[in-house]
Novice: 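Please read through the structure below; I'll follow up with questions.
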Amino acid sequence: RAVSRHGRQGSDAARPRPDSPPRVLLEIAGNILRRSRGGQNVVLGTLWPQLEKIVCMDYRMSYTAQYSDILLPATQHYEKTTFNMPTPWTMFLTMSDAVAPPPGEARSEWEVLAAICRTLAERAAARTLESYTDRNGMVRRYDQLWDNYTLQGALVDDQTVAADMLESSVALG
């Protein structure tokens, strides 16, 4: 088994510690109940009962979305600037630009996660909470969540993220 940079082995890195049971699951476009080995039988029977809140972000009413407490509407691939893998068998990564506006309240994953960072910081400030200790023992400041997520405001939306990825990439061949 491979050892992660935090000294944990292989799949054990994804398992919660006994003294820190999971409370919230944020599932983004993966459909864990349909696409995981054991799906409904294993995940619904073991993980779901431990959780206080299940949030699913998807552009469709997936199987996981049906079992979630909150469903956040996500944009489809053609409604955002993004990178895609056309098939799992190719080594090419393609970039697509938004060709249609997202319907209703749908937002991209980047926008939603950035908004969550801002909201967590606001809620923490209202409760006079300054920091927390992550699972690896590092102290993190709530008021720096958005800055850290966006690289101090350099990556504020899908377009700036895609542009940064393009500038940082190296063309092969």
Side-chain angles (χ1 to χ4, degrees), residues 13-16 20-36 39-40 43-44 47-48 50-86 88 93-127 129-136 138-169:
R15 297 176 193 209
S20 181
R23 295 184 311 188
V24 176
L25 173 70
L26 173 59
E27 205 275 348
I28 299 177
N31 202 3
I32 189 173
L33 293 180
R34 175 116 163 67
R35 303 206 183 272
S36 297
Q40 328 172 22
V43 178
L44 280 176
L47 177 62
W48 245 243
Q50 299 178 55
L51 300 170
E52 294 174 21
K53 189 70 64 184
I54 301 155
V55 181
C56 178
M57 183 175 182
D58 210 328
Y59 58 85
R60 64 186 186 272
M61 184 55 96
S62 66
Y63 197 66
T64 303
Q66 294 176 37
Y67 280 87
S68 297
D69 299 310
I70 299 172
L71 176 60
L72 301 175
T75 52
Q76 291 254 17
H77 304 300
Y78 54 85
E79 297 164 348
K80 61 186 168 189
T81 301
T82 189
F83 288 90
N84 302 298
M85 289 182 66
L93 187 64
T94 61
M95 181 183 165
S96 61
D97 204 355
V99 296
E105 297 177 357
R107 293 192 287 171
S108 74
E109 293 86 349
W110 184 265
E111 292 174 292
V112 169
L113 293 174
I116 288 172
C117 288
R118 282 191 191 264
T119 302
L120 283 173
E122 290 168 5
R123 294 274 178 102
R127 294 178 179 153
L129 299 172
E130 293 180 7
S131 62
Y132 66 97
T133 304
D134 71 15
R135 68 180 294 141
N136 300 312
M138 295 201 48
V139 175
R140 310 277 183 178
R141 292 185 53 89
Y142 287 108
D143 62 357
Q144 295 175 350
L145 287 174
W146 189 85
D147 286 335
N148 291 340
Y149 182 71
T150 64
L151 296 178
Q152 282 60 48
L155 308 175
V156 295
D157 56 24
D158 294 321
Q159 290 77 23
T160 57
V161 171
D164 183 70
M165 289 176 75
L166 286 173
E167 286 178 24
S168 303
S169 67

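Numbering of residues begins at 1 and proceeds along the displayed sequence. Note that the coordinates shown come from a computational prediction; the quantities given were computed from them, not determined experimentally.
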Novice: Around atom CZ of Arg34, are there more than 12 heavy atoms of other residues, nucleotides or ligands at under 6.0 Å?
Specialist: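 For Arg34, atom CZ is not crowded (no more than 12 foreign heavy atoms under 6.0 Å).
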
Novice: Calculate, to the nearest 0.5 Å, the distance between atoms OH and CD belonging to Tyr59 and Glu109 respectively.
Specialist: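 Tyr59 OH to Glu109 CD: 9.5 Å, rounded to 0.5 Å.
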
Novice: Please, which pairs that meet side-chain hydrogen bond (donor to acceptor under 3.5 Å, both in side chains) have at least one residue in residues 148-157, sequence neighbours excluded?
Specialist: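 Counting only pairs at least two positions apart or across chains, the side-chain hydrogen bond (donor to acceptor under 3.5 Å, both in side chains) contacts touching residues 148-157 are Asp157-Thr160.
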
Novice: Treating Asn136 as the side-chain partner and Met138 as the backbone partner, does any N or O pair qualify as donor plus acceptor under 3.5 Å?
Specialist: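 Side chain of Asn136 to backbone of Met138: no pair is present.
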
Novice: Just wondering, more than 12 heavy atoms not from Glu105 lying within 6.0 Å of its CD?
Specialist: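 Check fails, neighbour count at 12 or below.
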
Novice: Without placing hydrogens or testing angles, list every side-chain donor-acceptor pair under 3.5 Å for residues 118-125, not counting sequence neighbours.
Specialist:
from, atom 1, to, atom 2, distance (Å)
Thr119, OG1, Ala115, O, 2.9

Novice: So, for Ser68 and Val55, which heavy atoms are closest and what is the spacing to 0.1 Å?
Specialist: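 Answer, listing the atom of Ser68 first, then Val55: OG-C, 4.5 Å.
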
Novice: Check the surroundings of atom CD in Glu130: do more than 12 heavy atoms from other residues, nucleotides or ligands lie under 6.0 Å from it?
Specialist: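 Not more than 12 within 6.0 Å, no.
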
Novice: Taking all non-hydrogen atoms of both residues into account, name the closest pair between Ser62 and Cys56 and its distance.
Specialist: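 Smallest interatomic distance, heavy atoms only, reads OG-SG, 4.1 Å.
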
Novice: Is Trp48 close to Ile54 at the side-chain level, that is, under 4.5 Å between some pair of heavy atoms?
Specialist: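 Yes, close enough: below the 4.5 Å cut-off.
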
Novice: Might you point out which heavy atoms bring His77 and Thr82 nearest each other, and give the distance in Å?
Specialist: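 Where His77 meets Thr82 most closely, the heavy atoms are O-CG2, 4.0 Å.
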
Novice: Can you tell me if Ser108 uses its side chain to pair, donor with acceptor, with the backbone of Thr75 under 3.5 Å?
Specialist: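 Absent.
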
Novice: Do Glu27 side-chain atoms and Asn31 backbone N/O form a donor-acceptor pair below 3.5 Å?
Specialist: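 Checked: pair present.
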
Novice: Would a distance-only check, ignoring hydrogens and angles, find a side-chain to backbone donor-acceptor pair under 3.5 Å from Thr64 to Ile32?
Specialist: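 Yes; at least one donor-acceptor contact below 3.5 Å.
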
Novice: Are there over 12 heavy-atom neighbours, none belonging to Arg141, within less than 6.0 Å of that residue's CZ?
Specialist: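 Yes.
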
Novice: Step by step, work out the salt bridge (Lys or Arg N to Asp or Glu O under 4.0 Å) result for Lys53 and Asp69.
Specialist: CA-CA 6 Å; Lys53 189 70 64 184; Asp69 299 310; 5.0 Å; no

Novice: Between Ile28 and Leu113, does the side-chain contact (heavy atoms from CB on, under 4.5 Å) criterion hold? Intermediate values first, please.
Specialist: CA-CA 10 Å; Ile28 299 177; Leu113 293 174; 4.1 Å; yes

